[in-house]
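Atoms within a ligand are numbered from 1 in the order they appear, just like the ligands themselves.
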Amino acid sequence: MMIAENIEKITQHLPSSVKLIAVSKTKPIELLQEAYAAGQRAFGENKVQEMAAKQPQMPADTEWHLIGHLQTNKVKYIAPFVHLIHSVDSIKLLETINKEGAKNNRVINVLLQVYIAQEETKFGLSEEEVHELLAYAHNNKLRTVQICGLMGMASNTDNTEQIEREFEHLHQLFSHLKNNSTAFPAIQPQHFTELSMGMSSDYELAVKHGSTLIRVGSSIFGGR
Ligand SMILES: *Cc1c(COP(=O)(O)O)cnc(C)c1O
């Protein structure tokens, strides 16, 4: 029962305000079932096909979090059941999720992925693009998508000061948006509650800077 021990090791020091998402990408269903048996309910996947294939094999109260880049033409495969999409990085994607929410008669919860790392390769919105997206969501009255917060990935570096700066930067942006909801009417402060940051290598730093959702894979399931 290594998985149960790993989950316990991570969660025992977490504040109650922080939820652990077990990132199960590439891992076989047996390992997800083992985590579920240990009490884990939230699972993160980065590929639509993989999540859609695993979902029917897990109990109905499993929470599915899409954490990877999402193409608009694939939203339909997860729209009926996804709990939270962490990776909204364009107006077009937000619009598509809203349409799929309407088709499925449900409100789909999303986070806006913000680019905070110094590396060039990561997906995500700039601060200016976040403002544009929020204005669009308001002006177009998107009612079947709910913006619940922000997501970000820090640089892949050993420099903990840099990682902390990047997390704190996202934390500041999150607080700014939440506390100025009259300027950003697409945000409903009572629903804008989640800050998704931190993975196996840096979740402790992320928690220090206000993370509410940590996305941990290899420290639970082993390397990929
Ligand atoms: C894979 C992945 C994680 C988990 O990474 P680990 O280092 O295995 O904890 C977290 N977030 C995203 C977006 C990922 O793709």
At less than 4.0 angstrom from any non-hydrogen atom of [X], what atoms of ligand 1 do you find?
{"X": "Gly217", "value": "4 (C), 6 (P), 8 (O), 9 (O)"}
{"X": "Ser218", "value": "6 (P), 7 (O), 8 (O), 9 (O)"}
{"X": "Val216", "value": "9 (O)"}

Ignoring hydrogens, just give me the one of Arg215, Met199, Lys25 whose non-hydrogen atom is nearest atom 2 (C) of ligand 1.
->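 Comparing heavy atoms across Arg215, Met199, Lys25, the nearest one to atom 2 (C) of ligand 1 lies in Lys25.
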Among Ser200, Gly222, Gly152, Ser196, which one has a heavy atom closest to atom 6 (P) of ligand 1?
->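 Result: the heavy atom closest to atom 6 (P) of ligand 1 is in Ser200.
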Does a salt bridge link Lys92 with Glu95, judged by any charged N lying under 4.0 Å from a carboxylate O?
->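 Judged by the 4.0 Å cut-off on N to carboxylate O distance, Lys92 and Glu95 do not form a salt bridge.
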Closest non-hydrogen atom pair between Lys178 and Thr193, with its separation |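 Of all heavy-atom pairs spanning Lys178 and Thr193, the closest is NZ-CG2, 4.0 Å.
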Aromatic ring pairing His176/His131, orientation class (parallel under 30°, perpendicular over 60°, tilted between) | tilted
Apply side chain to side chain contact (heavy atoms under 4.5 Å, CB included) to the pair Gln118 and Thr157, showing each step before the final yes or no.
-> CA-CA 10 Å; Gln118 287 185 352; Thr157 171; over 6 Å; no
contact_flag Arg224 ligand 1 heavy-atom lt 4.0 Å = yes
How close does the nearest protein non-hydrogen atom get to atom 12 (C) of ligand 1, and which residue and atom is it?
-> Ile67 CD1, 3.5 Å
Are side-chain heavy atoms of Val145 and Val88 found at a separation under 4.5 Å?
->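 Side-chain contact under 4.5 Å: no.
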Rounded to the nearest 0.5 Å, what separation is found between the CG atom of Leu93 and the CD atom of Gln71?
-> 10.0 Å
